[in-house]
Every structure is written in structure tokens, then in C-alpha cells.
Amino acid sequence: MLQLQIIRENKDSILKALKKRNIDAEPVVNAVLDLDEKRRSIQAKLDATLAESNKLSKEIGSLFKSGKAEEANALKSKTADLKEASKQMGEDLNLAIEALQNQLYQIPNIPHESVPSGNTDEDNEEVSREGDVPVLDDKALPHWELAKKYDIIDFELGAKITGAGFPVYKGKGAKLQRALISYFLDKNTEAGYAEVQPPLMINEASGYGTGQLPDKEGQMYHVQADDLYLIPTAEVPITNLHRGDLLSMKDFPITYTGYTPCFRREAGSYGAHVRGLNRLHQFDKVEIVRIEHPNNSYQALDDMVEHVKTILRELKLPYRILRLCGGDLGFTSALTYDFEVFSTAQDRWLEISSVSNFETYQANRLKLRFKDENGKSQLAHTLNGSSLALPRVLAGILENYQTPDGIKIPEVLVPYCGFEEIN
RNA sequence: GGAGGAAUGGCAGAGUGGUCGAAUGCGGCAGUCUUGAAAACUGUUGAGGGUCACACCUCCGGGGGUUCGAAUCCCUCUUCCUCCGCCA
């Protein structure tokens, strides 16, 4: 959520920046400014009334103390009107605050200046590309065929147990998945990220904190009986670890990594592009999260990008990095780099990581602040990235490492797997 | 699930109806001392709103109530602790 003060002071530049997202934010920004004005005016009146009432109370108190009960009782009657008025104003104030909040929730983050303009994923800017795309023979199969051939992932079985998009990993497929999780976590902890295992369900406050609510309510599974949501990503519980915190400078940087399953309803997604592992309702992901001083957050973002690169290099998967354009940028993000692995057998790029700086957008909702060098509290910056999303890495490995005789295991994973080939 | 207890500033911890936004300790910051550091000593230090700046207002887990006045009394919810039951 954008900071009110910044909206007040920079309306024009905010509107201009939001145009990169192809939205005209003027109506909502105007509504925010009006409601803010309204809120302050109600607040001022309420404060004056309360001040008067406080003053009377003190007088009454001192009159009682000095034994002038009669005068005190006379004053009491004067407070009734004030009380009634302040009650009404309090209700008006709450309504104004709520309305203001609702409008603020509708304004997305301001794109970073480096974000290219554009509407769709086709307008994303490729910033680098690395790795060799293997040359496969004509009999190369997409991963869902390979999964069946070697009996390592069973989509139908998962559909029986739960539904489409909930695969069952079997045998070496399950082991490979576990190997990847361990490998990712090891890489991340070696790089200094502290490992955590957060809850897989979150409450409403956490959902609002990182911005999944109210914006993406329909994308999360909601457990009605307890009013909890299944996490769509570890970003939510891990970033919320510090909701409400007032940090000191020496706490920075705060860095975490965590493995969790992720649950996404993905309502309305069908067709060839969501086949196999390409898009699931439940999938595994290892996440990295950082909380940073504002001056350092873009350096941190670069560090995260570099870190993910080293993993993909070790896995020897061909990848490219995209800087998301305004139209494709997530609601809460200021700058996002997507990593995509080239799947030879499908002849397409698969998104396997998304690394973002949210600047103060989430921190504002989280009330995640720190004391700066002047002793002032200000909002921290939050960042996160996948390192990595398992299914598409798995798809990439299966497809790119296939041979007529079986699927080779990337060298770095062999110690984790305990075998060199799936056949 | 049942019975009790608790929730206070960055942390610990006093405070049971009227200058309490809140003692004290730790921590933080500034200074004295020191070649430097530590120790010691002195001062300072909650958050948010509001204002050009003051004033002023709000906040003692959340919500509601009693009262002229609530951290303090009542109701309710949440969370934590102890005991009992159940259980991976």
C-alpha cells in the first residue's frame, strides 16, 4: 500500500508512473485525497471535543478532591452533550478511515523507473540469457510423457485423490523432488539465508500484510470453518514473521529461506499451456525473503538475481532473465525479474523464478519499520524470490536431460539423489 | 474439550478509578573519562495522528460497556502459560 503522505505530496508523478501499468489511477487517487481530507477534518473536530471533555473531567476531579461536590456534579451534566457528539464523530471517523483504506488497497505499487512500459508478457525486456539449449532427437518427449514412461509422476492418480493439478510423485520422481528441495535449501543457507519452516495456512491479517488480500482473494484456497487460507507462496508467512516489528539498523539485512508447498486455485486456467507440471494447484517451492534498509534494497535485489543464476548454472539449465513490463508487473511489486528455463521438448520458456522488490508497499501494510540513524522510524523494504519453483525445474530437467535411454540427473544433484539416471 | 492464571514501551517488569503515556532495570543514543576500547558516571530515549511550529488527540492484546474520568472495574474475543482429558 502506498503511503498517504507520498500520495499527498507526489500525486502527479505517481499518476504518471502508474501509467506504465496501463491504468488511469486518477479517479482512485482523487478519491483517496478526498477521503483523507475528510478524515482529517472529522479527526480535528473529534479531537477538539475530546480535549474539552478531558478538561472538564479534570476539573470535576479536582473539585471532588477539594470537597466541592456540588459544583462537581453541576459540571457533570455539561459532559453529556460532548459525549454524545464525540460518539457520533467517532463512528463517522471509522467510516472515513475504512473508506480510505478500501481505496488505498486499490492502488498498486509504483513501478521502478527501470520498468519498461508494455501491456503483456510479450513486452517484457530480456536482460540476459545463458546456457546451451541441448539438441534433442526427434523422439524427444514432453515431460508429461516422460513422467508416464518412467512412472515417476502420476497425474491421473492425483486427480482421483484430489483433483486435477495435484500430481502424485513416485519413486525416483519423488526422490528427485526431495533432492532438489535439499539442494536449493543448502545453496540458500550457504549464501546466508536462515532456514525457516513456516505455517502453511495464514490468517486474514497476514494475507493483507503481503498484499494477497483483498486483491487476490480468489486465488487462494480458503478454509472456511477456521477462516484461514492455504498459502499461495512461502512469501506470505515468511514476510509476515516481521509484521508489526520496529527494527533497528543493525538488524539488517534480514534474510530467510524456506521450503513449502504452495496452493493456488488458478481458476479459469485450462489448455495445453497448463499441461503436466506447467501449472498446478499444489506445488513445491523454495523461497528466499529479505528485509532491507531502503538504501540497500536494489543491491539486495541484484544479489538475489545473482544467487538464482548460480543455481541455474550449476544445474546447467538454459535460462533467460526478463525485466517485467508495467502491464505484467505484479500488483505489489516495484520491480520484478522473472527467470525462465527453456524447455526444449515443449519448445517454450517456463517461468521458474520471480524475484521482486516491493520497496515499502508491503512494509506499509505490515507496519514493518526500523529506526533510522536519526532515531526516526521509517518503513523497511521487503523483497522475495523463488529459488526455485520445483515443478518447472523438474520439467526442465526431465525434458532437457532426456536421452533415448533415460533421464540423466544433473551432476550437482547426484549426491542428493543417490542415482545418476532415471530409466 | 474442561479448570485456573496471564497479556503493559525495543526487551524485562512495576502499576487496581483522577497530573499514568505509564516507576525501575536492560538495551539504544549523546556526553564525561581514556591513546583507543571496556568499565564507571551524567544526560537523553515509546508509537501514531495533527500543526509551518506549538497546542491538542489516540494508543497499556482486539472489540464493546460502566463512569464526569479506565492500564486499573464489567462483558466478549484472541493469544500464551499451568493442570486435567484426548491424541500424531
Side-chain angles (χ1 to χ4, degrees), chain A residues 1-9 32-101 103-104 197-209 213 223-229 237 240-254 261 291 293 360 363-380:
Chain A
M1 182 161 74
L2 299 181
Q3 292 166 266
L4 246 183
Q5 197 192 342
I6 290 175
I7 298 177
R8 267 187 224 153
E9 290 165 6
V32 162
L33 292 174
D34 287 349
L35 285 163
D36 176 43
E37 188 84 35
K38 187 178 170 194
R39 195 218 95 224
R40 275 187 290 166
S41 113
I42 297 172
Q43 180 94 60
K45 283 182 202 152
L46 174 61
D47 286 357
T49 309
L50 289 174
E52 199 175 332
S53 151
N54 287 343
K55 207 173 131 197
L56 278 176
S57 288
K58 277 180 188 158
E59 280 177 35
I60 291 168
S62 59
L63 282 173
F64 270 124
K65 269 188 178 165
S66 51
K68 300 173 183 168
E70 214 163 295
E71 284 180 53
N73 283 321
L75 271 185
K76 273 193 196 178
S77 58
K78 290 175 70 175
T79 62
D81 288 348
L82 292 175
K83 211 175 166 185
E84 185 57 36
S86 63
K87 195 175 175 187
Q88 182 59 48
M89 282 186 270
E91 284 167 17
D92 293 347
L93 184 65
N94 285 337
L95 288 175
I97 290 171
E98 197 180 328
L100 177 59
Q101 200 73 353
Q103 293 298 319
L104 276 173
Q197 287 194 8
L200 305 182
M201 289 199 258
I202 51 141
N203 57 28
E204 200 176 48
S206 296
Y208 274 95
L213 293 174
V223 181
Q224 259 182 329
D226 298 287
D227 198 18
L228 297 172
Y229 296 86
N240 270 282
L241 292 175
H242 290 281
R243 171 152 48 90
D245 282 5
L246 181 55
L247 305 166
S248 63
M249 300 269 281
K250 67 174 174 0
D251 294 325
F252 292 125
I254 294 176
I291 298 167
H293 189 285
T360 61
N364 192 210
R365 291 194 180 184
L366 293 160
K367 298 268 175 293
L368 172 46
R369 299 158 302 163
F370 69 97
K371 288 257 193 200
D372 67 16
E373 49 281 355
N374 300 316
K376 291 274 187 187
S377 62
Q378 53 171 301
L379 295 171

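Dashed line: the shortest gap from a side-chain N or O of Arg369(A) to OP1 or OP2 of G10(B) is not under 4.0 Å. Using a 4.0 Å cut-off, some side-chain N or O of Ser377(A) falls inside it from OP1 or OP2 of G48(B). Distances shown here put a side-chain N or O of Lys371(A) below 4.0 Å from the OP1 or OP2 atom of A47(B).
The ring pair (Phe, Tyr, Trp, His ring centres under 6.0 Å) test applied to Tyr229(A) returns His222(A), not counting sequence neighbours. Scored by the side chain to side chain contact (heavy atoms under 4.5 Å, CB included) test, Glu98(A) finds Asn102(A) as partners (sequence neighbours excluded).
If you take CG of Leu82(A) and P of C56(B), they are 17 Å apart, rounded to a whole angstrom.
With values rounded to the nearest 0.5 angstrom, Arg365(A) atom CZ is found 11.5 Å from Thr360(A) atom OG1.
Of the two residues contacting RNA chain B, namely Asn54(A) and Arg39(A), the nearest-nucleotide position lying further toward the 5' end is that of Arg39(A). Each of Ala44(A) and Lys376(A) was assigned the nucleotide of RNA chain B with the nearest heavy atom; the assignment lying further toward the 5' end belongs to Lys376(A).
For Leu246(A), counting side-chain heavy atoms from C-beta on, the closest listed nucleotide (G48(B), U51(B), G10(B)) is G10(B).
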Which atoms of nucleotides 72-81 of chain B (N or O only) lie under 3.5 Å from a protein N or O atom, and what are those distances?
none

So which protein N/O to nucleotides 63-70 of chain B N/O distances come out below 3.5 Å?
{"from": "C68(B)", "atom 1": "O2'", "to": "Ser57(A)", "atom 2": "OG", "distance (Å)": "3.0"}
{"from": "G69(B)", "atom 1": "O4'", "to": "Ser57(A)", "atom 2": "OG", "distance (Å)": "3.2"}

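Applying the salt bridge (Lys or Arg N to Asp or Glu O under 4.0 Å) definition to pairs two or more places apart or across chains, none involves residues 78-93 of chain A.
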Exercise answer: donor-acceptor pairs, residues 44-56 of chain A side-chain atoms, under 3.5 Å, sequence neighbours excluded:
{"from": "Asp47(A)", "atom 1": "OD1", "to": "Gln43(A)", "atom 2": "NE2", "distance (Å)": "3.4"}
{"from": "Thr49(A)", "atom 1": "OG1", "to": "Lys45(A)", "atom 2": "O", "distance (Å)": "2.9"}
{"from": "Asn54(A)", "atom 1": "ND2", "to": "Leu50(A)", "atom 2": "O", "distance (Å)": "3.3"}

